[in-house]
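Labels below follow one simple rule: chain letters A, B, ... track the order of the sequence lines, proteins then strands, and each chain is numbered from 1. Predicted model only: the values in this text are computed from it and were never measured.
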Amino acid sequence: MSKPKIGIFGLTSCAGDQLMILNCEDQLIDLANAVDIRDWEMAKTNNDEECELDIALVEGSVAQVRDIENLKKIRKRSKILVAIGTCAVWGGIPAMKNDVPRDIMLKEVYGDKVEFIESKAAQPLSSFVKVDYNLPGCPIEKDQFLQMMASFLNGDMPEILNFSVCSECKMKENICQIVYKQEVCCGPLTVAGCGARCPSHNVPCSGCHGPIEEVHYDAEAKMFQRKGIKPEEIIRKMQVYAAPAWMPEKLMEELQHESK
Amino acid sequence: MLLTNPSQTVCKSYDLGSNPYKPELARIISIDPMVEDNYLFRFRFEDPDLNNSFQYRPGQFMELSVIGVGEAPISISSTPTRRGVIEMCIRRVGRVTNALYRLKPNDLIGLRGPFGNGFPVEEMKGHSLLIVAGGLGMVPLRSILLYALDNRQDYDRIILLYGTRYPDHLLFRSELEAMMYRSDVECHLIVEKPALSPDTPEWRGKFGLVTDLFDDVKDLDVKRSYALVVGPPIFYRFVLTKCLDMGFSKDHILMSLERRMECGIGKCGHCEIGSKKVCTDGPVFTYWDVINLPEMI
Amino acid sequence: MKVVKLPKSKVEEFLSSLQDFGEVIIPKEKTEHPGVYYFDVMENPSEMAWEYLRTIIPPKKYLHKPREVIFKFHKEQGYQEVIEDKETKRILFGLHPCDIHGIKILDVVFNRDYMDPYYYARRKNTVIIGLSCLPDEKCFCKSMNTDYVEDGFDLFLSDIGEDFLVAVGTSLGDDLVAERAHLFSEVEEEDRRKYLAFRKKRNESFRLELDISDLPYILDLEQKSPIWDELGKRCLTCGSCSMVCPTCYCFNVYDTLNLDAKSGQRIKQWDACLFKDYALVAGGHNFRENRAERVKNRYYHKQFRMVEQYGKPSCVGCGRCIDACPAGIDVVEVLTKVREGSYVTH
């Protein structure tokens, strides 16, 4: 059987997910033997930028006009397109400031004369193309990545986790950030897979893997409100990575209604 | 009626010290497409001793592993009276079965079981069997049908009522059509609509719903009969009423339920409903059990 | 039952000596979080938290592991059994009565009908040494009839001030005492009085109460109660209550494949009936699609189904789920409201 042809790409992103692939040091040789990496600008020279691909791994959100073209081109040449990292899956950190008009933001960041960038509100890949599999994480987890690749090599779609960080946190026997520290912890909202990385270091979950399928924003927000935390803070912490656009406003309405 | 507990009778292979979670290697003997996305797989254990000694009861299920992908519960469609090969009619529906459909004859898979209570073949002796199947419900019922025919002297009348929407979806069609000419079984088939595909042999039988076939069942002594009913939820609603109208008592109506039976041995919790575990207390339940358990159908 | 006396001055020596038998597991206090406890391997008997309340996770983690490899597999060779800690001799020391009752329930679930070889292998190598305790405001074991244990332990230590009374529950427990006979002495009249006084004090210390009389029948009548929808609105379905429950045994089995796409591991991992996919079958039908159904199922499993299946509820009143629920859902409050028919929205 011939090795599957792989391309790894980054749109608007920090390249952290691609870096995590390179960080799979112990398995990198096995991985390189199992697949044929044809196109990976970040890690190799002599890339074939036109060939057909079995699997494309795409990092980053669509936050520039040119991202759309690149993404569509990748989609066209790939059998399976995988969104890797929370930016690609949900929009991630760049989507946090989607409510600020682009020209104002560009001015703030780059000053008056900006011609090299055509910025747009950050969106996930799925807003533009069909995505076959989502691997969230900021950055992605090595184990989950390798497991996903093994499934692809076997011809399967990897399984999708659909439970929250809390279960992994409890299995690690961490103290609960919500119960013991009255912190805004996104654990109950956030899909597992990280092994409760942050709470294991006594830091509340910031939700970097994005929400579980059946997310319960209002129950969580009201719960924090009952603990005496201000609505502004609750919403600010809940919207960092992957909150849908309606969430802040609707939740604020709900919480203000509740406090009356 | 108390259905027999399988762990005391059938599953002798799982004595203390053996591992009921361990799949045994089995080989795919053949794969026959029956209807779209519903193929008949034949398996044989790699270990010849196990293959010869393997016993089960009609209505039981196995846990099938596609190695490297996962495990899924699958009903047995063959009869224990015909030893040596296990037949399962498997629908392509999830991750495991999709992977199974990629395999070829001679490939290896894992099998463990049998699990569940199965149909109470001993208790049903001397009775007539009214087997009512809708759609895929034929999968577990074919096992008891063949079993009863192979032990013909043990049962009084054997009646099959089987309906699907299209003739394209009739499972075991040629086998069942052949039965229509036998005198020792009353086989009635029905479909709602003509064939979808030009490749499907033309339907010359009845059109209608499976409930219409109850009119063909004449002079059944319901006090000396069991109704074995398996089909989709909507099917139960109408067929159960028909059975009750005929005068069947609730504990003589048997149904086989589908749940997420993951361990098969009553440990993992996934298939629990009401106070029952479908994998060990079922999958065969009486209608009396079912109406006493919320969430059953 | 045989009862002997162990002076507190000798209890650390006793603990150290247990290491000859095997790994000793004790409750410890989290250094960075005073008042929070967990079970861990003893390195030094001074780490023992004698006055501990409840640990985050019950001792079930040593018998029914949060995550364990159960098979290694290979496409040509099939499945090869792996039983983690199969040969490890282990003493679970300092278990409160509720946790011992929890293990008794797991014993029934895992060993009845079919033997779970993973649980069984570890269970048969495990010694249980209980320890008396005083309740806090979340303990309701007295209501669940799990505040005392008559069996299910090898030894049980009751604190009577200067000494422990040590009840010997098994032949193995008797050996553990006999091998260390120099540490123990006879029980005297005064010790018995002290024990009865301790017992009285303990019985009077319970502040939380739950009436469980006739509860399965009441629950059956309240199948359609609005309280389940109310709970569905509050519950985050995070599964924390199940993870910390001494009697929650549900697990999920899944395979992880190696990069050779031929070999890998089959893994058994704790699952919770609160999770969305818990009752999902291939083909997409979910038998407990909505949150309220799943929350309700947890209560019915503990208080209704287990009574029908095994003759008693599978709640031991340890208070861990009350402690762990971020949304503040309180099992005692819920079941009391069901009984009273009073449902107040939060």
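For the set P188(A), A34(A), S167(A), the count of heavy-atom pairs under 4.5 angstrom toward chain C peaks at S167(A). Among D323(C), T55(C), T256(C), the residue making the largest number of heavy-atom pairs under 4.5 Å with chain A is T256(C). Annotation: maximal heavy-atom pairing with chain C below 4.5 Å, among I212(A), N174(A), L146(A), occurs at N174(A). Contacts with chain C were tallied for D218(A), N202(A), L189(A); N202(A) has the most, counting heavy-atom pairs under 4.5 Å. Between chain C and the options M223(A), Q177(A), E214(A), heavy-atom pairs under 4.5 Å are most frequent for E214(A). Options V165(A), D156(A), V215(A), N162(A) differ in how many heavy-atom pairs under 4.5 Å they form with chain C, and the most are formed by N162(A). Between chain A and the residues G328(C), P66(C), P326(C), the largest count of heavy-atom pairs under 4.5 Å involves P326(C). Interface check for chain A: of the options L236(C), N258(C), D255(C), the most heavy-atom pairs under 4.5 Å are formed by L236(C).
To the nearest 0.5 Å, the span separating CG on N154(A) from CG on L257(C) amounts to 5.0 Å. Between the CZ atom of F163(A) and the CG atom of D271(C) there is a distance of 7.5 Å, given to the nearest 0.5 Å. Rounded to the nearest 0.5 Å, atoms CE (M171(A)) and CH2 (W270(C)) are 7.0 Å apart. If you take NZ on K276(C) and CD on E213(A), they are separated by 5.0 Å, rounding to the nearest 0.5 Å. A distance of 12.0 Å separates CD1 in I29(A) from CG in L259(C), rounded to the nearest 0.5 Å. Rounded to the nearest 0.5 Å, atoms SG (C238(C)) and NE2 (H216(A)) are 12.0 Å apart.
Summarising the local packing, CD of E232(A) is surrounded by more than 12 heavy atoms from other residues, nucleotides or ligands at distances under 6.0 Å. Within 6.0 Å of atom CG in N33(A), more than 12 heavy atoms from other residues, nucleotides or ligands are found, so the atom counts as buried in its surroundings. Within 6.0 Å of NZ on K262(C) lie no more than 12 heavy atoms contributed by other residues, nucleotides or ligands. More than 12 non-hydrogen atoms from other residues, nucleotides or ligands lie less than 6.0 angstrom from NZ of K44(A). Heavy atoms of other residues, nucleotides or ligands lying less than 6.0 angstrom from CD of E52(A) number 12 at most. Within 6.0 Å of the CD atom in E47(C), the count of heavy atoms belonging to other residues, nucleotides or ligands exceeds 12.
In this structure, the side chain of R234(C) does not engage the main chain of E220(A) through any donor-acceptor pair within 3.5 Å.
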Residue pair R67(C), E168(A): steps toward the salt bridge (charged side-chain N to carboxylate O under 4.0 Å, His left out) verdict: CA-CA 10 Å; R67(C) 184 179 189 275; E168(A) 292 184 330; over 6 Å; no
Check the pair I56(C) / I175(A) against side chain to side chain contact (heavy atoms under 4.5 Å, CB included), numbers first and verdict last. CA-CA 8 Å; I56(C) 297 180; I175(A) 63 146; 4.3 Å; yes
Worked check of salt bridge (charged side-chain N to carboxylate O under 4.0 Å, His left out) between E173(A) and K30(C): CA-CA 10 Å; E173(A) 221 163 351; K30(C) 288 212 167 199; over 6 Å; no
Which is it for Y180(A) and H33(C) under the side chain to side chain contact (heavy atoms under 4.5 Å, CB included) test, yes or no, and what are the steps along the way? CA-CA 9 Å; Y180(A) 287 92; H33(C) 301 291; over 6 Å; no
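Contact of E32(C) with chain A is not made at all, since no heavy-atom distance falls under 4.5 Å. Using a 4.5 Å cut-off between heavy atoms, A327(C) touches chain A through backbone and side chain atoms alike. With a 4.5 angstrom heavy-atom cutoff, Y38(C) touches chain A via backbone and side-chain atoms both.
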